[in-house]
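Encoded as structure tokens, the structure appears first; notes follow it.
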Amino acid sequence: MIEAMPTFYLFVLAALGAGLLPKGSMRAALLLLVPVLAALQIWSLPEGNLYQVELLGQQLELMRVDKLSRVFGLIFCIAAFLGNLYAWHIKDTVQQIAAVLYSGSAIGAVFAGDLVTLFFYWEGTAIASVFLIWARRTEGAYHTGMRYLIIQITSGVILLAGTALLYRETGSIAFEQMTLGSLATWLIFLSFGMKCAFPFLHNWLQDSYPAATITGTVILSAFTTKLAVYALARGFAGTEMLIYIGAVMTLFPIFFAEIENDLRRVLAYSLNNQLGFMVVGIGVGTEMALNGTASHAFAHILYKALLFMSVGAVLLRTGTSKASELGGLCRTMPRTALFCLIGAASISAFPLFSGFVTKSLIMDETANEHYPIIWAILVFASAGVLSHSGIKIPYFTFFGHDSGLRPKEAPWNMQLAMGITAFLCIFIGVYPDPLYALLPYDVVYKPYTTNHVIAQLQLLCFALLAFAVLMRSGIHPPEIRAVNLDVDWIYRRLIPKLYLPIAALIGLIWTALSEAALKNLGQFQNLLYRWHSPETGMARVRPTGAMVIWVAILLAVTLIASYF
């Protein structure tokens, strides 16, 4: 039965059920069941365009199944299951329904075979996900959610405009490989880039993810940006510009993450950094590079969720995620600390952890395709990842100085979600063949070669040594309460400062012009009244004899004119 409907419908039914069921275990169990059913459906579906409808003369393809969409669909189902398990204790109907519709929209977008269908799901992810930010129910969360919604909706509007122009140019709305040769494809590319947090378009990510609820941040980290990665891989694979965009994405978040005090913002910058590796892989565009992008997205969703889960558990128990206020929590939260270390090892690409067997596909293919400078940038970025996510997060949270805090261990459901995620991070790292089998193209690659293992361990050891030296010498940026400026300062501070005086000046000018116009209009009205009112002027009542005289004068003028 479930094979006869698009996967998104399962999540809609689950959202309806969640709204009808009372708060408690039954509702939470339903939210766990739906991603399992969706994963079983995705696993069993044959390849091809399986569900089509006609809308306004256009054929919409709601379920285009191939190996690329299948691997993203499966990891989105796993992420939805783990996120809902992590949020088992939540009784907030808004968060639960928003989470299930958000994950369902992302999965629906992955299987969209045309750009119109993609647009509907694209906007669905935006509208559903903003409620995970607003669910904090604070004034700051409201304003952050509005900024997030503006960016996400704008991305969808640009996508729709590009789709309309593409249809006018080609007569097709198919979601397939495109080249940057027209305004239409540039608009679609920009739309994908906004959601993928390209440089200068990225700060919605650092602004919104840390502002969401504890469980909402975990769910947000899995879908929006990876959906954009999928869209770029589907539509713009091999676009060389993406190589350089991705390289910049891997670099600049390192410096912001190093000086950031809020650990959830550190992870948001780290997320941006990891997206850069995937974008580089898409830009290289070879089969192996695209395999690396898909596999790294798969692994990244897991280890990034694990890191957000561990920091979220700390935030739940202590009320803060500021590095300056934490430390020594391993004494009372040892399992959470262990899970955090596994996530840190995975994102740092330690051997036997998931990042090691996925990131190397991208880096090796970058070298094979003769991009030595880009390869060197990725190596540097890998060392930076170890510093800000592999070391900084666990060190300042669970080790380092003793903050004196002695919180309880995380709730059982959070520990279970973290445990499953940690197991998957290790399983993929130890035995990557099942993941490689899911990738879009055949994988002929052995990650565990002597050269690769030794080279990676050398990189990691030198990065660890550098961190130790920086800490001992006092050069490492201290963890202090501060506000770090990013490009969002331009539109949150600079533009309003410039706009408000200009707006006030325009308002004064408009008021003066309006008053002058009203004054002149009143004078003109009085003049008309004097000339044409019934009592005075040309419109006043005149004697009959006077009218006869005027008629005679007009007749004489007419006769003279006709005579000549």
Considering only heavy atoms from C-beta outward, does the side chain of F11 approach that of S103 to under 4.5 Å?
yes

Does one side chain, of H89 or N413, offer a donor that lies under 3.5 Å from an acceptor on the other?
yes

Residue pair L68 / R234, side-chain heavy-atom distance below 4.5 Å:
yes

With no hydrogens and no angle check, just 3.5 Å: does a side-chain donor-acceptor pair link Q95 and T213?
yes

Could you tell me the separation between the CG atom of L180 and the CZ atom of F236, rounded to the nearest 0.5 Å?
5.5 Å

When the ring centroid of W122 is compared with that of F119, is the distance short of 6.0 Å?
no

Y209 side chain near I133 side chain, heavy-atom distance below 4.5 Å
no

Side chains of M309 and L82: does their closest heavy-atom pair fall under 4.5 Å?
yes

Other residues, nucleotides, ligands: >12 heavy atoms within 6.0 Å of D442 CG
no

Side-chain donor-acceptor pair present, S270, S389, cut-off under 3.5 Å:
yes

Would you please say whether a donor-acceptor pair under 3.5 Å links the side chains of D262 and S321?
yes

Applying side-chain contact (heavy atoms from CB on, under 4.5 Å), name anything that partners I158, two or more places apart in sequence or on another chain.
T154, L187, L190, S191, M194

For S129 and Y148 the tightest heavy-atom approach is OG-OH, 2.7 Å

Any salt bridge between D92 and R136, counting N to O under 4.0 Å?
no

Identify all side-chain donor-acceptor contacts of residues 424-434 below 3.5 Å with residues at least two apart in sequence or on another chain.
none

Can you tell me if E409 and T336 form a side-chain donor-acceptor pair at under 3.5 Å?
yes

Please verify the inter-ring angle class for F256 with F252; under 30° counts as parallel, over 60° as perpendicular, anything in between as tilted.
perpendicular

Separation between CZ (F111) and CG (L45), nearest 0.5 Å, reads 7.0 Å

Under 3.5 Å, is there a donor-acceptor pair linking the side chains of Q274 and K304?
no

Exam field: side chain E47 to backbone D66, donor-acceptor pair closer than 3.5 Å:
no

Side chain proximity check, Q152 to T224, heavy atoms < 4.5 angstrom:
yes

Is the backbone of V443 close enough, under 3.5 Å, to the side chain of N291 for a donor and an acceptor to pair up by distance?
no

To the closest 0.5 Å, what do you measure between CG (L271) and CG (L267)?
8.5 Å

Kindly say whether the aromatic ring centers of F356 and F350 come within a distance under 6.0 Å.
no

Contact between F198 and V279 at the side-chain level, heavy atoms closer than 4.5 Å - yes or no?
yes

Looking at Q177 and A237, would you say the former's side chain and the latter's main chain have a donor-acceptor pair under 3.5 Å?
yes

Are T332 and R317 close enough that some pair of their side-chain heavy atoms sits under 4.5 Å apart?
no

Step-by-step side-chain hydrogen bond (donor to acceptor under 3.5 Å, both in side chains) determination, Y230 to S69
CA-CA 8 Å; Y230 164 81; S69 60; 4.9 Å; no

How long is the straight-line distance from CD1 of I393 back to CG of L263, given to the nearest 0.5 Å?
4.5 Å

Ignoring hydrogens and angles, tell me if any N or O in the side chain of S155 forms a donor-acceptor pair with the backbone of I151 under 3.5 Å.
no

Just to verify, which of R265, R147, R264 counts as forming a salt bridge (charged side-chain N to carboxylate O under 4.0 Å, His left out) with D207?
R147

So do the side chains of P411 and L316 get within less than 4.5 Å of each other, counting heavy atoms only?
yes

Any chance you could measure T293, atom OG1, to H300, atom NE2, to the nearest 0.5 Å?
12.5 Å

Any chance OH of Y167 has more than 12 other-residue heavy atoms, nucleotides or ligands included, within less than 6.0 Å?
no

Side chains of Y303 and T421: any donor to acceptor distance under 3.5 Å?
no

Using atom types as modelled and distance alone, determine if a side-chain donor or acceptor of S44 lies under 3.5 Å from a backbone N or O of Q41.
yes

Which side-chain N or O atoms in residues 31-39 pair as donor and acceptor under 3.5 Å with protein atoms at least two apart or in another chain?
none

Atom OG in S348, atom CZ in F353: separation rounded to 0.5 Å?
10.0 Å

Is it true that a side-chain atom of K67 and a backbone atom of L439 form a donor plus acceptor pair closer than 3.5 Å?
yes

